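Keep in mind that the numbers below use all heavy atoms, side chains included, and drop hydrogens, waters and symmetry copies. From a predicted model like this one, the values you see are computed outputs, not experimental measurements.
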Amino acid sequence: MTTVRRSDATRAAILEAARERFASDGYERATIRAIARDAGIDPSMVMRYYGNKEGLFAAASEVEIGLPDLAALPARHIGAVLVTHFLERWERDEILTAMLRVGVTNEAGAARMQEIFAQQVGPIARGVCPDPADAPRRAALVASQILGMAFARYVLRLPPAVEMSTEDVVAWLGPTVQRYLTAETP
């Protein structure tokens, strides 16, 4: 039992160090050696558990967005609820911000962000848009708004975007996200 606990603690330390290193250095500059040093372990342990940098990044970027159950909501509130949820999520931790940074500069990071949005936002679009066949395009439009604001607010830290209250961001973006999800195709 001690071995299992030690193994779990080592994995947790590696993932925490990897998330911090990927967030601060980006995917390209983060190294297995630096991550292992931050975790207080030998680099061979990182390789043992995750195989390579790509495997480590995939594990470190496992993100459950934790979207609220939208089935019970009136359709007209979905845009505001989604924007609020994502803003709260970005405010809570650095994982999504780190992934956004890596996604802009690295193909593997971009693929990971695409996967997360397809798996977690795609079903929402399919469930509420007038034509489920149009759901991928609508999910991409939703992502353009949410990720665009996240990039401006949390990566570039543009003063007007940073200074806006959550309520203001929701008031501006909520109706746009709502329209992308539920309006008739133009």
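- The two residues Ala125 and Ala135 have their closest heavy-atom pair at CB-O, 3.6 Å.
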Mind running side-chain hydrogen bond (donor to acceptor under 3.5 Å, both in side chains) on Gln178 and Thr182 for me, showing each step along the way?
CA-CA 6 Å; Gln178 183 70 41; Thr182 60; 3.2 Å; yes
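- Across every non-hydrogen atom of Pro136 and Pro132, the tightest pair is CD-O, 4.2 Å.
- Atom SG of Cys129 is separated from atom CZ of Arg137 by 10.0 Å, given to the nearest 0.5 angstrom.
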Which is it for Phe86 and Phe117 under the ring-ring contact (aromatic ring centres under 6.0 Å, His included) test, yes or no, and what are the steps along the way?
CA-CA 12 Å; Phe86 276 101; Phe117 269 80; 5.7 Å; yes
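- To the nearest 0.5 Å, the span separating OG1 on Thr10 from CD1 on Ile41 amounts to 6.5 Å.
- Taking CZ of Arg153 as the reference point, atom CD of Glu163 lies at 10.0 Å (rounded to 0.5 Å).
- Note that the CH2 atom of Trp90 and the OG1 atom of Thr166 stand 13.0 Å from one another [nearest 0.5 Å].
- Other residues, nucleotides and ligands place no more than 12 heavy atoms under 6.0 Å from the CZ atom of Arg157.
- The CZ atom of Phe22 sits 10.0 Å away from atom CG of Leu15, with the distance rounded to the nearest 0.5 Å.
- Looking at heavy atoms from C-beta onward, Leu82 lies in side-chain contact with Leu181 at the 4.5 angstrom threshold.
- Between Tyr27 and the options Glu107, Arg101, Glu54, a side chain to side chain donor-acceptor pair (under 3.5 Å) holds for only Glu54.
- Residues Pro160 and Met164 come closest through the heavy atom pair O-CG, 3.1 Å.
- Ionic pairing of Arg19 and Glu16 is not present here: no N-O contact between side-chain nitrogen and carboxylate oxygen is shorter than 4.0 angstrom.
- Closest non-hydrogen pair, Pro130 versus Ala183, comes out as CG-O, 3.6 Å.
- By the criterion of side-chain heavy atoms lying less than 4.5 angstrom apart, applied directly or through intervening Ile, Leu, Val, Met, Phe, Trp or Tyr residues, Val162 is not grouped with Met149; the two fall into different hydrophobic clusters.
- Summarising the geometry, atom CG belonging to Asp134 is positioned 5.0 Å from atom CZ belonging to Arg138; distances are rounded to the nearest 0.5 Å.
- Taking each heavy atom of Asn52 and Ile32 in turn, the nearest pair found is C-CD1, 4.4 Å.
- Considering every non-hydrogen atom in both Ala139 and Gly122, the closest pair reads CB-CA, 4.2 Å.
- Side-chain contact between Leu87 and Tyr154 is present, with at least one heavy-atom pair separated by less than 4.5 Å.
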